[in-house]
Amino acid sequence: MSDIDLTDDRYQMSFEETSVAFLARSIKETGLMCPPLVRPTNNKCIIISGFNRIRAQLYNNETKIIVNQTPPDTSDYRCLLHAITALAFQRPLTHAELIRCTGRLSFFLEKEQIVQKSPAIFNTELNARFVEDLITIGALPDPALALIHLGNLTLNTAKKISVCETGMINIFLKIFSQIKASSSKQLEIIQYIMEIVARDAIDPTNFFNAKEIQALLFDENTAPGIKTTLLRTYLFERRFPTIFKTHQRVQEKISALKLGGNIKFLPPENFEGQYYGISFKAKRYDEFAATVQTLHTALSNPALKDIFHP
């Protein structure tokens, strides 16, 4: 074990830092079925594949381990192929792992070559557009890859921010490290921020450092999902102040109708359409009748007319 450089993880493609307790127990009881692959360099060996197996042996307090060793003249490219295929033919790679792998391969292969060789390397066929996107996203700062792995940053969002200036990219990465949002909501947040700073000629850093944004994002007592809702509301109000105020007034009038929680009253989105919607559910006839009666009562409420004729 002392001959292995455990600090050199240049060939580690996986982002999964799972517990090796069960693997360690299995190795202790049944033996090491598939030795890790290492590469000799200077007076040490570096790991190419089998990081978890080596971790498991350390867990078992083993001082010796059987390994397979590459020839001393094995190229970096061949070692990289060993590392990727060992993982890809074990399980499908995550998006973060695909980005890491294609980024490393792009030092040795052209995009078209990666596409051509993808079935043999990744155990799946990748198209040229996807590979190009992976390489583009891979050029983002390191925190982006970590956020993609955690599910805080989608590929569409990462691709969107990749064309931004460095300062703006870092701001978006800080924001998405604090919230949990779907791809569509992430893109909405990006769009609102870019439009606000452009319209109001605000420096992006100053916008991000504003006390409202800082208090919202870094409140340790607020869950990431709630932060997303609060941030979207704040940005919508900043981007569309007139629509936001109209929406508030309409919501107050809807509350005045006292429709209860079963009836959903849906005004046109952003009040740009012409149609209002009402929906409700009922399991029994008496529930249905009671809901219809509630709607009938609402017809005599002046707030309903105000909603349709503000």
Side-chain angles (χ1 to χ4, degrees), residues 147 150-157 160 172 175-200 207-208 210-310:
L147 290 178
L150 294 172
N152 286 50
L153 187 68
T154 67
L155 289 187
N156 285 338
T157 306
K160 177 75 173 179
F172 286 134
I175 289 174
F176 293 125
S177 69
Q178 299 298 317
I179 67 175
K180 195 78 170 180
S182 64
S183 181
S184 61
K185 291 179 181 178
Q186 289 179 12
L187 294 173
E188 176 191 88
I189 289 169
I190 291 171
Q191 188 66 28
Y192 284 169
I193 292 176
M194 294 181 70
E195 290 176 354
I196 291 169
V197 298
R199 181 195 62 190
D200 299 341
F207 178 81
F208 175 73
K211 61 180 181 180
E212 295 87 354
I213 295 288
Q214 293 292 304
L216 189 156
L217 290 176
F218 298 100
D219 183 355
E220 297 181 355
N221 297 319
T222 304
I226 302 299
K227 289 181 181 179
T228 301
T229 301
L230 295 175
L231 179 62
R232 290 176 65 225
T233 301
Y234 172 78
L235 294 175
F236 185 86
E237 181 180 4
R238 287 287 303 268
R239 180 64 183 88
F240 306 105
T242 302
I243 295 177
F244 181 81
K245 291 178 181 178
T246 303
H247 179 75
Q248 283 186 314
R249 289 197 299 269
V250 170
Q251 288 302 317
E252 291 173 359
K253 293 173 182 178
I254 291 175
S255 297
L257 297 177
K258 298 180 180 179
L259 298 176
N262 185 41
I263 301 174
K264 305 296 182 183
F265 193 111
L266 305 172
E269 186 174 1
N270 296 338
F271 304 100
E272 295 176 343
Q274 299 179 352
Y275 295 99
Y276 291 75
I278 291 180
S279 65
F280 65 89
K281 295 180 180 180
K283 290 183 179 180
R284 303 184 306 273
Y285 171 80
D286 58 328
E287 290 181 354
F288 184 91
T291 303
V292 172
Q293 182 59 46
T294 300
L295 291 172
H296 182 74
T297 302
L299 288 173
S300 60
N301 192 321
L304 182 61
K305 290 185 178 180
D306 290 341
I307 293 173
F308 283 93
H309 305 288

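Everything numeric here is computed off the predicted structure, so don't read it as measured data.
Using cut-offs of 30° and 60° on the angle between ring planes, the pair Phe207 and Tyr234 is tilted. Ring geometry for Tyr276 against Phe308 counts as tilted: the plane angle lies between 30° and 60°, on a 0 to 90° scale. The aromatic rings of Phe218 and Phe208 sit perpendicular, their planes meeting at an angle over 60°, well past the 30° parallel limit.
Between Leu231 and Ile175, the closest side-chain pair of non-hydrogen atoms falls below 4.5 Å. Contact check for Phe280 versus Thr294: no side-chain heavy atoms found under the 4.5 Å cut-off. Between Ile278 and Leu266 there is no side-chain heavy-atom pair separated by less than 4.5 Å. No side-chain heavy atom of Leu304 sits under 4.5 Å from any side-chain heavy atom of Ile254. Between Ile189 and Arg232 there is a side-chain heavy-atom pair separated by less than 4.5 Å.
A donor-acceptor pair under 3.5 Å links the side-chain atoms of Asn301 to the main chain of Ala256, judged by distance alone. With hydrogens and angles disregarded, a donor-acceptor distance shorter than 3.5 Å links the side chain of Lys227 to the backbone of Leu217. Between the side chain of Gln191 and the backbone N or O of Gln186, no donor-acceptor pair lies under 3.5 Å.
Scored by the side chain to side chain donor-acceptor pair (under 3.5 Å) test, Gln214 finds no partners at all (sequence neighbours excluded). Glu287 meets the side-chain contact (heavy atoms from CB on, under 4.5 Å) test with Ala282, Lys283, Arg284; sequence neighbours excluded. Scored by the side-chain contact (heavy atoms from CB on, under 4.5 Å) test, Ile226 finds Thr222, Ala223, Leu230 as partners (sequence neighbours excluded).
Nearest heavy-atom pair, Ser177 versus Asn152, reported as atom, atom and distance to 0.1 Å: O-ND2, 4.0 Å. Closest non-hydrogen pair, Leu259 versus Ala298, comes out as CD2-CB, 4.0 Å. The minimum heavy-atom distance between Leu187 and Lys160, with the atom names listed, is CD2-CB, 3.9 Å. When all heavy atoms are compared, the tightest approach of Arg238 to Ile196 is CB-CD1, 3.6 Å.
A distance of 5.0 Å separates CD1 in Ile193 from CZ in Phe172, rounded to the nearest 0.5 Å. To the nearest 0.5 Å, atoms CD (Glu188) and OG (Ser183) are separated by 11.5 Å. Of the inter-residue distances, the one linking Lys185 atom NZ with Tyr192 atom OH reads 12.0 Å to the nearest 0.5 angstrom. To the nearest 0.5 angstrom, Glu212 atom CD is 11.5 Å from Leu235 atom CG.
Tested against Leu147 for a side chain to side chain contact (heavy atoms under 4.5 Å, CB included), the candidates Thr157, Leu153, Thr154 yield a single pass: Leu153.
Using modelled atom types and a 3.5 Å distance limit, the side chains of Lys281 and Asn262 yield no donor-acceptor pair.
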Pair Leu257-Ile307, side-chain contact (heavy atoms from CB on, under 4.5 Å): steps then yes or no | CA-CA 10 Å; Leu257 297 177; Ile307 293 173; 4.0 Å; yes
